[in-house]
Every structure is written in structure tokens, then in C-alpha cells.
Amino acid sequence: MMKMKSLIWVNFVCACFAVMVSACEERSNEPVGEGEVAFEITDAPIDDANVKSVMVTVADVRVDGKSLSGFSKQTIDLKAYQDGETRLLGSAMMDARSYSNLTLVLDLNNDDQGDSPGCYVLDQDNTRHQLKSTTSGTLDIAMGQSWKTINNAKTNVVMDFDLRKSIRYADDSEGGYNFVSDNNLNSAVRVVTKQNSATISGSYQDEGSVNADMIIVHAYRKGTFNSSTETQPDAVDGIYFRNAVASAEVKSSLTGKRFTLAFLPEGEYELHYSAYSKNDISGKYTFEAMLQSETIVNGSVGNLIKIEAGVDLSIATKITGVI
């Protein structure tokens with residue numbers, strides 16, 4: 001009987017503790033004033049030289065299921081906002097607390113002027129290819145990353161629309177494009193706050209005589225890159241490097257070849273470089289090989305790059321060969 005009473009008492013104490021923890025969690029997310037939130041959108045590169053523009057029509061922005069106050073429908077060329085450049089979608093005063101859900105609603109059929117289609121790829125011949133999805137009418141892109149609004153402060157929430165992981169070639173003979181499957185699309189658009197992120201600006205030097213038409217640099221969280229899986233297309237949409245946090249194209253400039261990895265959250269990262277060849281007829285790029293690299297940060301050679309919030313970083317990369 002004594003053991004039974006003890007067991008009942010233990011269960012009672014555990015139940016009370018669980019209730020207290022739940023109550024504390026609820027109170028911890030109660031609004032503490034208000035703060036301004038600016039919602040911005042940016043883009044990562046697509047591996048198709050024939051793509052001139054990628055137009056998407058944002059019909060709504062929803063936070064925890066509620067439409068953003070004052071938002072107006074707008075059609076945007078995502079390719080115009082790369083390398084740290086962003087487009088402001090809208091801003092509003094919001095309760096200062098944590099938020100866990102952010103949804104972009106795209107109008108597939110009509111743009112902000114009422115013309116059709118609402119989302120499409122414009123190729124170098126100025127031909128429009130409507131972007132299709134498994135749904136019709138509108139397409140919801142749900143991003144589950146959490147972010148926080150601060151009392152009496154401005155928070156810039158950036159949605160990074162990774163075109164390389166968002167769009168695939170259509171399964172037809174017309175050379176069109178489709179959005180990837182819903183699960184892949186939801187994970188292709190990441191959410192980060194500017195204040196809690198930083199940018200890597202890198203110089204690129206090829207000492208390995210790599211003959212490539214395009215080089216893409218991919219940023220991975222420490223220890224998450226698996227060459228055997230990341231360099232193979234996924235079974236559903238044919239996406240390569242699907243677990244990269246961010247990616248950027250190495251571009252030629254007046255000061256040499258450079259790249260920009262913007263809006264990286266705090267943490268330790270590895271950089272991996274991939275080489276592509278171009279089909280001169282179709283304009284499509286094909287992944288060829290991974291490159292062996294040497295990264296110099298603050299004068300020291302290292303494989304890991306540490307990102308701190310608000311502290312932009314300059315690095316130098318030397319390519320020494322093909323893996």
C-alpha cells in the first residue's frame with residue numbers, strides 16, 4: 001500500500017511539473033510590445049544559361065496563417081535579386097514574440113496586372129514558359145523556420161528562393177519548366193533574419209587548370225556534406241546538392257573571379273565547389289565534377305568557416321584540381 005501511495009504521489013508531481021512547463025512555454029511566447037517586420041525576398045542561381053528571367057507573382061504573405069497587413073499582389077523577377085540584393089515585399093507592425101510559420105502564396109495563372117501566366121520562365125528568346133505545379137490556381141510555399149520580432153526594433157525577414165532547387169525541366173518535348181514537388185519546394189525556400197546572419201565575400205583563383213563553363217560554390221553546415229548523395233540527382237526532381245544551406249555562382253569581375261554567399265545564419269560551414277559544362281545548343285548546364293579547394297580566412301588555411309551574426313567575412317579560395 002505504501003508503494004502504491006508513493007507511485008501515485010510521483011505521478012501527481014510529474015503531472016504538475018508538465019503543466020507548469022507548458023504554462024511557462026506559453027508565457028514565454030506572449031507578446032512583449034511591438035516591432036516592425038520587413039519581409040524581403042532574394043534568389044540563388046539556376047544552372048541554365050537559357051533562363052533570362054524567372055517571374056513569380058506573390059499573391060499573399062501569411063504569418064502563422066494570417067495575411068500580412070497592407071500587402072499588395074506583386075510580380076517579381078527573382079533573377080534580379082542575387083548576391084545579397086533583396087526585394088521588399090512589405091512591412092508591418094507585429095507582436096514582439098516568436099513566430100514559427102511563414103507562407104508565400106503564388107498565383108500561377110495571373111500576374112499583378114491580371115495577365116496570364118502569373119509564374120513563368122522567360123528564356124533568352126523572350127519566350128514565356130508557364131511554371132506549373134501539382135496544384136492549380138495558387139501555390140502555397142510553407143516555410144517552417146522560426147524567427148523572432150523584437151520590441152521597439154526593426155526585424156528584416158529574408159526569404160531565400162533557391163531557384164536551383166525550386167525549378168526543374170518539364171517532362172515534355174516542349175522544353176518547358178515546372179516547380180519541383182511540394183516537399184522539395186518547401187525546403188528550397190529558407191527563412192533567415194538579416195540581423196542574425198552574415199555574408200561571405202570570396203575571391204576565386206584556379207590553380208588546377210579546371211576547364212569549366214560554370215562554377216557553383218555550396219555552403220554546408222559542418223559535417224553535413226555527403227559526396228555520394230549530394231552529387232547525385234534526387235529521385236523525384238533531379239536536384240543536386242539539395243542539402244546545401246546556400247549556393248552562389250562564381251562570376252568574373254574587374255577584380256577577378258568572385259562569389260557572394262549572403263544571409264548565412266550563425267554556425268560553422270564547409271564550402272564545396274562544383275564544375276559544370278554547358279550544352280551550346282540547349283543552353284543547359286550539366287554537373288561534371290567536384291573541385292579540390294584551399295580556403296584562406298584571415299591569413300590562415302582552414303576547412304571550416306565560422307559565421308557570427310552581423311559579422312561579414314572575406315575569404316580567398318584556391319582551386320588545386322578536380323576530385
Side-chain angles (χ1 to χ4, degrees), residues 18-44 56-74 76 78 81 84-107 135 138-163 165-166 179 182-199 219 221 243-246 261-267 269 307-311:
V19 171
M20 291 172 60
V21 170
S22 178
C24 288
E25 289 179 347
E26 291 180 1
R27 285 197 299 269
S28 66
N29 201 32
E30 289 181 354
V32 184
E34 281 189 329
E36 182 183 359
V37 184
F39 294 92
E40 305 173 42
I41 195 167
T42 189
D43 164 44
V56 297
T57 299
V58 183
D60 196 8
V61 177
R62 297 173 185 161
V63 180
D64 287 354
K66 297 181 180 180
S67 296
L68 180 65
S69 176
F71 176 80
S72 59
K73 184 177 182 180
Q74 47 197 284
I76 302 163
L78 288 174
Y81 303 96
E85 296 293 326
T86 64
R87 162 73 176 257
L88 177 66
L89 294 178
S91 60
M93 296 299 297
M94 301 180 63
D95 289 338
R97 62 177 181 86
S98 295
Y99 295 87
S100 57
N101 289 287
L102 181 60
T103 302
L104 273 178
V105 181
L106 304 185
D107 189 332
T135 62
T138 60
L139 173 62
D140 291 2
I141 304 176
M143 297 153 277
Q145 300 98 325
S146 61
W147 46 277
K148 184 181 294 185
T149 301
I150 307 300
N151 184 36
N152 292 326
K154 184 176 181 179
T155 302
N156 296 80
V157 176
V158 178
M159 290 165 276
D160 189 353
F161 209 116
D162 194 333
L163 289 179
K165 297 191 288 185
S166 304
F179 283 115
D182 291 348
N183 287 338
N184 279 338
L185 186 57
N186 289 340
S187 61
V189 186
R190 66 187 181 96
V191 177
V192 64
T193 57
K194 275 186 177 180
Q195 291 82 353
N196 293 328
S197 67
T199 294
R221 291 280 191 179
N243 292 307
V245 175
L261 289 162
F263 311 119
L264 289 173
E266 282 190 319
Y269 292 86
I307 294 295
E308 298 179 4
V311 183

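We use all heavy atoms of the structure for the numbers below, so side chains are in, but hydrogens, waters and symmetry mates are not.
Listed by chain and number, the residues in a side chain to side chain contact (heavy atoms under 4.5 Å, CB included) with Thr57 are Lys73, Thr75, Asp107, Asp111 (sequence neighbours excluded). Shown here are the side chain to side chain contact (heavy atoms under 4.5 Å, CB included) partners of Gln145, two or more places apart in sequence or in another chain: Met143, Arg190, Val191. The side-chain hydrogen bond (donor to acceptor under 3.5 Å, both in side chains) check on Ser67 picks up Asp60, with sequence neighbours excluded. With sequence neighbours excluded, no residue satisfies side-chain hydrogen bond (donor to acceptor under 3.5 Å, both in side chains) with Glu85. Legend: residues meeting salt bridge (Lys or Arg N to Asp or Glu O under 4.0 Å) with Asp140, ordered by chain and number and at least two apart, are Arg62. Every residue two or more places apart in sequence or in another chain that forms a ring-ring contact (aromatic ring centres under 6.0 Å, His included) with Phe39 is listed here: Trp147. For Asn156, the side chain to side chain contact (heavy atoms under 4.5 Å, CB included) test picks out Ala38, Glu40, Lys154, Lys194, Gln195, with sequence neighbours left out. Applying the side-chain hydrogen bond (donor to acceptor under 3.5 Å, both in side chains) criterion to Thr193, with sequence neighbours excluded, gives Asn196. Asn243 meets the side-chain hydrogen bond (donor to acceptor under 3.5 Å, both in side chains) test with Glu230; sequence neighbours excluded. Annotation: side chain to side chain contact (heavy atoms under 4.5 Å, CB included) contacts of Ala219 (sequence neighbours excluded): Leu261, Leu264, Tyr269, Leu271.
The shortest non-hydrogen separation linking Val192 to Ser197 is CG2-CB, 3.8 Å. When every heavy atom of Leu68 is checked against every heavy atom of Gly90, the shortest pair comes out as CD2-C, 4.2 Å. Between Leu88 and Gln74, the closest heavy-atom pair is O-OE1, 3.7 Å. Scanning both residues, Gly310 and Ala198, for their nearest heavy atoms gives N-CB, 4.2 Å.
Looking at heavy atoms from C-beta onward, Val58 lies in side-chain contact with Leu106 at the 4.5 angstrom threshold. The shortest side-chain heavy-atom distance between Leu104 and Val61 falls under the 4.5 Å cut-off. Counting only heavy atoms from C-beta outward, the side chains of Val189 and Phe161 approach each other to under 4.5 Å. The shortest side-chain heavy-atom distance between Ile76 and Tyr81 falls under the 4.5 Å cut-off. Counting only heavy atoms from C-beta outward, the side chains of Ser100 and Asp64 approach each other to under 4.5 Å. Within the 4.5 Å cutoff, the side chain of Thr155 has no heavy atoms near those of the Met94 side chain. Side-chain contact between Val37 and Val63: absent, with no pair of heavy atoms (C-beta onward) separated by less than 4.5 Å.
Note that CG of Leu78 and OG of Ser166 are 8.5 Å apart. Values are rounded to the nearest 0.5 Å. Between Leu163 atom CG and Asp43 atom CG the span is 4.0 Å, to the nearest 0.5 Å. Separation of atoms CG (Leu185) and CG (Asp162) is listed at 10.5 Å; rounding is to 0.5 Å.
Lys165 contributes a side-chain N or O that, together with a main-chain N or O of Ala244, makes up a donor-acceptor pair within less than 3.5 Å. The main-chain N or O of Asp160 is never found under 3.5 Å from a side-chain atom of Thr42 such that the two would form a donor-acceptor pair.
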Side chain to side chain contact (heavy atoms under 4.5 Å, CB included) between Asp182 and Leu139: does it pass, once the steps are laid out? CA-CA 9 Å; Asp182 291 348; Leu139 173 62; 4.1 Å; yes

Could you walk me through whether Val157 and Tyr99 pass the side chain to side chain contact (heavy atoms under 4.5 Å, CB included) test, one step at a time? CA-CA 11 Å; Val157 176; Tyr99 295 87; over 6 Å; no

